[in-house]
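Scroll down for the structure; my scribbles are underneath it.
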Amino acid sequence: VPDKQKALNYVKTFDYSAWAKTLKEFLGKVCTIVLFNDAFGITGKIVAIESSWIKVETKNDTRIINGDMIVDIICKNKKN
């Protein structure tokens, strides 16, 4: 139970505005977003960031991803 409380406290104190500000560097770039329950990730252009949500346009569709589920974001350093 202490680990559960620690996780809840983290969520309550996480600074989503700072998170979104940092993520703005990737806005408009094609990136691979790896989720904690997905081995391959989602590759697409990050088109919007709002609070803890990211909107990504892939080849086939548009997805809205919960930022709490993201493990890693990989963007190439070249222009996309």
Side-chain angles (χ1 to χ4, degrees):
V1 177
D3 289 334
K4 183 178 180 182
Q5 187 59 48
K6 188 186 242 185
L8 290 172
N9 289 341
Y10 174 78
V11 170
K12 290 178 187 175
T13 61
F14 188 78
D15 185 357
Y16 286 105
S17 62
W19 180 83
K21 184 178 177 182
T22 301
L23 210 56
K24 297 269 186 204
E25 295 176 30
F26 298 135
L27 197 57
K29 294 185 178 184
V30 175
C31 302
T32 299
I33 299 170
V34 181
L35 306 176
F36 88 93
N37 59 351
D38 185 8
F40 302 104
I42 299 159
T43 299
K45 183 184 277 189
I46 298 175
V47 294
I49 300 158
E50 183 67 37
S51 185
S52 67
W53 296 89
I54 300 175
K55 184 176 181 180
V56 178
E57 291 180 352
T58 66
K59 287 182 182 179
N60 301 318
D61 51 20
T62 300
R63 299 183 65 166
I64 298 192
I65 302 167
N66 182 339
D68 294 331
M69 307 296 275
I70 296 173
V71 174
D72 196 9
I73 299 176
I74 304 125
C75 296
K76 300 289 184 190
N77 287 332
K78 65 177 184 164
K79 296 271 185 193
N80 292 317

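Of all the heavy atoms in Ala48 and Leu27, the pair that sits closest is N-CD1, 3.6 Å.
In this structure, the separation between CD1 on Ile73 and CD1 on Ile54 is 4.5 Å, given to the nearest 0.5 Å. Expressed to the nearest 0.5 Å, how far CZ of Phe26 lies from SG of Cys31 amounts to 6.0 Å. How far CG of Leu35 is from CD1 of Ile65: 5.5 Å, rounded to the nearest 0.5 Å.
Checked against side chain to side chain donor-acceptor pair (under 3.5 Å), Thr43 has the following partners two or more places apart in sequence or in another chain: Thr32. Residues passing the side chain to side chain donor-acceptor pair (under 3.5 Å) test with Asn37: none are found, sequence neighbours excluded. Residues passing the side chain to side chain contact (heavy atoms under 4.5 Å, CB included) test with Phe36 are Met69, Val71, sequence neighbours excluded.
Within the structure, side chain to side chain donor-acceptor pair (under 3.5 Å) contacts touching residues 54-64 (residues at least two apart or in different chains) are Thr58-Asp61.
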I'd like to know whether Val56 forms a side-chain contact (heavy atoms from CB on, under 4.5 Å) with Val47, so could you lay out the CA-CA distance, the side-chain angles of the two residues, the decisive distance to 0.1 Å, and finally the verdict.
CA-CA 6 Å; Val56 178; Val47 294; over 6 Å; no
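Apart from Ile74 itself, the hydrophobic cluster it occupies contains Val34, where clustering links Ile, Leu, Val, Met, Phe, Trp and Tyr at side-chain heavy-atom distances under 4.5 Å. Here Ile64 sits in one hydrophobic cluster together with Trp53; the rule is ILVMFWY side chains under 4.5 Å apart, joined directly or through other members.
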